[in-house]
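Convention: sequence-line order gives letters A, B, ...; per-chain numbering from 1. These figures come from a predicted structure and were not determined experimentally.
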Amino acid sequence: MKKDIILAGVGGQGILSIAAVIGMAAVESGLYLKQAEVHGMSQRGGAVQSHLRISDSPIASDLIPEGSCDMILSVEPMEALRYLPFLAKDGWVVTSTKTFENIEDYPAEDELFEQIRLIENHVLIDANAIARELGSQKISNMVMLGAASMHLGLGTEYLEGAMNTLFGRKGEEVVALNIKALMAGKEGIRI
Amino acid sequence: MKEFVLLGDEAIGQGALDAGLSGVYAYPGTPSTEITEFIQKSKEAIERNVHAQWSANEKTAMEAGLGMSYAGKRAMVCMKHVGLNVAADAFINAGMTGVNGGLVVVVADDPSMHSSQNEQDSRFYGKFAMIPVLEPATQQEAYEMTRYGFDLSEKFALPVMLRITTRLAHSRSAVERSELRSENEVKLPADLKQFILLPAPARKKYKLLLSIQDKLEQESITSGLNRTEAGEDHSKGIIACGLSYNYYQEVAANAGLNYPVLKISQYPVPAELLNEFVKGVDQVVVLEEGAPMLEESLTGILENNYQIGGRLNGLLPRDGELDPLNVKKAMGIESEPARLIPDVVKNRPPALCKGCGHIDMYNALGEALDSYGPGRVFSDIGCYTLGALPPYNAINSCVDMGASITMAKGASDAGLRPAVAVIGDSTFTHSGMTGLLDAVVEQTPLTIIISDNSTTGMTGGQQSHATNRLFDICRGIGVEEEHLRQMNPLRKHHEENMVMVADELAYEGVSVIIAQRECIQTASRSLRKEKSAKS
Ligand SMILES: Cc1ncc(C[n+]2csc(CCOP(=O)(O)OP(=O)(O)O)c2C)c(N)n1
């Protein structure tokens with residue numbers, strides 16, 4: 001078992017919270033993990049990404065080689081496309097449809113979606129709308145994680161366990177809400 | 001033993017704590033910041049009362065670390081690569097004095113300049129100071145080599161450099177801890193003159209330093225950190241320094257390569273080790289993160305004429321960090337990307353946050369400068385450097401920390417009027433204050449804006465030594481009170497702020513305007529903390 005995942009987004013969108021859940025779930029299921037993050041200047045509203053590698057055998061490189069990424073999981077549609085050279089031929093792009101427009105020449109939404117639809121294996125999901133219906137915009141990242149979960153090769157119980165550990169000190173309600181978001185994303189349906 | 005998932009930086013922090021650290025001294029700087037932050041947050045460190053407060057700059061950090069070592073305890077000093085330029089005087093001379101308690105200097109380089117002005121390779125400084133340099137490839141090695149660094153430092157009574165790069169600093173993996181070692185007791189150096197570098201004793205110390213170089217080289221063999229891995233295919237021999245070893249392994253596993261490998265993680269690298277390794281291979285390929293330092297030295301070291309491939313002959317790019325792709329190409333494996341980045345994808349550079357006080361400061365300054373024309377604003381390093389980008393286009397320089405005030409002074413001396421310096425609060429106390437003294441002594445016509453967000457923002461919001469001290473510092477240095485002004489950079493005060501700047505631009509002497517408004521990131525963080533404390 002080996003999964004190479006690129007998490008993509010804009011500095012401040014909190015992609016590292018997704019990475020933390022996947023990472024902890026992977027380690028708890030006894031897998032090896034390497035996860036390269038972006039800290040520093042780009043976190044100020046710039047493009048950020050995290051290379052997340054999980055495997056049942058030791059991992060050498062902290063960076064994913066080009067053309068071998070199993071999934072790009074993006075919380076922003078333009079950012080989903082930025083790392084395409086890394087994507088394997090049969091790789092998946094799972095992205096939120098919600099744009100984050102903080103630059104003047106941000107492209108038209110339709111052009112972005114058109115490009116995403118050209119990728120054979122893609123999932124476009126309005127995570128923000130789902131999160132809103134569940135009662136909090138803050139959990140849209142966990143909706144995205146849910147949408148991607150079937151391609152992670154990790155048991156849902158491990159993802160839930162990781163959420164328990166990571167969000168536990170914020171209270172049971174917060175944990176429950178995040179798990180609900182995970183499930184909603186997984187089923188891709190609105191509750 | 002339980003495994004912990006740690007960033008490379010955090011592994012170093014944990015490694016130091018477990019090795020009996022008594023104090024870390026540092027100034028923030030990407031990608032080194034998280035080492036000190038880890039120790040600051042560590043329960044064990046707090047219980048043990050390990051020193052972990054930030055220093056004013058890298059030089060004060062280096063000197064304090066050396067002082068703790070003088071007193072017999074183990075100290076660690078952390079900085080980013082350019083920080084070592086600031087600490088260089090203390091660093092090089094610490095090689096001359098040697099140490100008493102173990103002293104490890106961690107320097108985090110930033111090849112590809114993700115968050116830096118240059119990509120200088122700190123291994124040169126290690127060589128310059130003639131001290132051992134360790135270069136881990138993995139988080140586990142980072143943990144272990146930190147402890148070994150203290151051992152080595154105490155064994156040879158020398159500071160030891162631990163050199164990492166961005167990818168290791170900011171990548172997580174599982175780390176296994178070893179047993180905890182207790183801290184040293186306070187103990188004076190056996191020779192109370194060890195740290196006196198007057199010319200006569202300094203000459204002796206230098207001869208001593210020269211005389212142990214052979215032993216340091218031997219140690220680079222016996223430690224096992226530089227190790228040879230046999231391979232069946234002798235058409236190439238791979239010398240892989242530090243992190244580059246990981247990329248070679250990745251490529252080799254995927255492509256089924258089987259070349260002999262010499263993994264380098266400790267310097268100085270003895271010539272005999274290199275000569276032994278290259279025997280029997282047709283071509284040598286050197287992989288190193290940063291500058292072609294080892295590669296360059298090989299021509300002088302290798303006994304026969306070998307074909308050497310690396311960053312110098314174009315086998316690898318001369319600049320930027322290594323990655324699995326450029327290492328793969330260097331192995332002669334061509335690869336075409338299956339997919340390209342579509343044209344609709346636009347650059348998304350970092351930007352000042354919405355509502356940031358630096359923006360209102362630049363708006364006031366920009367309007368006040370309108371009548372004089374462009375090209376007069378010397379700036380510095382911090383979030384406010386993002387004022388260089390559109391729509392602000394507000395500054396004309398960003399060179400090294402503290403350079404705004406001194407460059408503006410030089411330009412003013414040359415006759416450029418008005419000359420303006422824009423500097424952040426943390427940068428001002430890092431190395432802007434001394435330049436202000438120069439200007440005050442000469443009454444140089446100069447307008448200095450200290451854009452004070454009361455934090456070290458660019459590196460993630462660390463406590464700033466300047467907070468609540470700026471006014472007194474400036475007055476103490478001798479800025480006239482009529483020209484020591486304070487503004488609140490908010491849009492609603494734009495008119496009065498603009499007039500204030502315009503007035504000071506017209507003054508033929510030193511003016512300092514402190515534009516104070518808390519960073520909106522730290523402000524909302526403390527708001528969130530308050531909220532969760534209440535609930
Ligand atoms: C010698 C050196 N040390 C550290 C850094 C890293 N660094 C860049 S900006 C910065 C913080 C600046 O803080 P401040 O001046 O208060 O400005 P702010 O980012 O808060 O606007 C630091 C620590 C550096 N570039 N050079």
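- Looking at residues two or more places apart in sequence or on another chain, you find a side chain to side chain contact (heavy atoms under 4.5 Å, CB included) between A/Ala181 and A/Leu134, A/Ile139, A/Met142, A/Val143.
- Contacts with chain B were tallied for A/Ala47, A/Pro85, A/Gly67; A/Pro85 has the most, counting heavy-atom pairs under 4.5 Å.
- Ranking A/Leu87, A/Val27, A/Leu118 against chain B, the residue ahead of the rest is A/Leu87, based on heavy-atom pairs under 4.5 Å.
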Enumerate, including both backbone and side-chain atoms, all donor-acceptor pairs under 3.5 Å from chain B to chain A.
from	atom 1	to	atom 2	distance (Å)
B/Glu34	OE2	A/His39	ND1	2.6
B/Ser115	OG	A/Met41	N	3.0
B/Gln139	NE2	A/Asp62	OD2	3.3
B/His170	O	A/Glu37	N	2.8
B/Ser171	OG	A/Gln35	O	3.4
B/Ser171	OG	A/Asp62	OD2	2.6
B/Arg172	N	A/Gln35	O	2.7
B/Arg172	O	A/Gln35	N	3.0
B/Arg172	NE	A/Glu37	OE2	2.5
B/Arg172	NH2	A/Glu37	OE1	3.3
B/Arg172	NH2	A/Glu37	OE2	3.1
B/Ser173	OG	A/Leu33	O	2.7
B/Asn246	ND2	A/Asp62	OD1	3.3
B/Glu250	OE1	A/Arg53	NH1	2.8
B/Glu250	OE1	A/Ser61	N	3.1
B/Glu250	OE2	A/Arg53	NH1	3.4
B/Glu250	OE2	A/Arg53	NH2	2.9
B/Arg339	NH2	A/Ala88	O	2.7
B/Arg339	NH2	A/Lys89	O	2.9
B/Lys346	O	A/Arg82	NH1	3.2
B/Lys346	O	A/Arg82	NH2	2.8
B/Arg348	O	A/Ala47	N	3.1
B/Arg348	NE	A/Glu79	OE2	2.7
B/Arg348	NH1	A/Phe100	O	2.6
B/Arg348	NH1	A/Asn102	OD1	2.9
B/Arg348	NH2	A/Glu76	OE1	3.2
B/Arg348	NH2	A/Glu76	OE2	3.2
B/Arg348	NH2	A/Glu79	OE2	3.0
B/Ala351	N	A/Arg44	O	2.7
B/Gly457	O	A/Arg44	NH2	2.8

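- Considering only heavy-atom pairs separated by less than 4.5 Å from chain B, the leading option among A/Leu84, A/Ile119, A/Val38 is A/Leu84.
- Interface residue B/Pro324: only side-chain heavy atoms are found under 4.5 Å from chain A.
- Among the candidates A/Gly12, A/Gly45, A/Pro65, A/Gly40, the residue making the largest number of heavy-atom pairs closer than 4.5 Å to chain B is A/Pro65.
- Taking the side chain to side chain contact (heavy atoms under 4.5 Å, CB included) definition, one finds that A/Ala176 meets it with nothing, sequence neighbours left out.
- When heavy atoms are compared at a cutoff of 4.5 Å, B/Pro31 does not approach chain A at all.
- Considering every non-hydrogen atom in both B/Val344 and A/Pro107, the closest pair reads O-CG, 3.2 Å.
- For A/Ala88, the part sitting under 4.5 Å from any heavy atom of chain B is the backbone (N, CA, C, O) and nothing else.
- The two residues A/Leu81 and B/Val345 come nearest to each other via the heavy atoms CB-CG2, 3.4 Å.
- Ranked by heavy-atom pairs under 4.5 Å with chain A, the list B/Leu325, B/Leu243, B/Leu168, B/Val251 is led by B/Leu325.
- Dense packing is recorded around CE of B/Met113, with more than 12 heavy atoms of other residues, nucleotides or ligands lying under 6.0 Å away.
- Contact annotation for B/Leu352: neither backbone nor side-chain heavy atoms come within less than 4.5 Å of a heavy atom of chain A.
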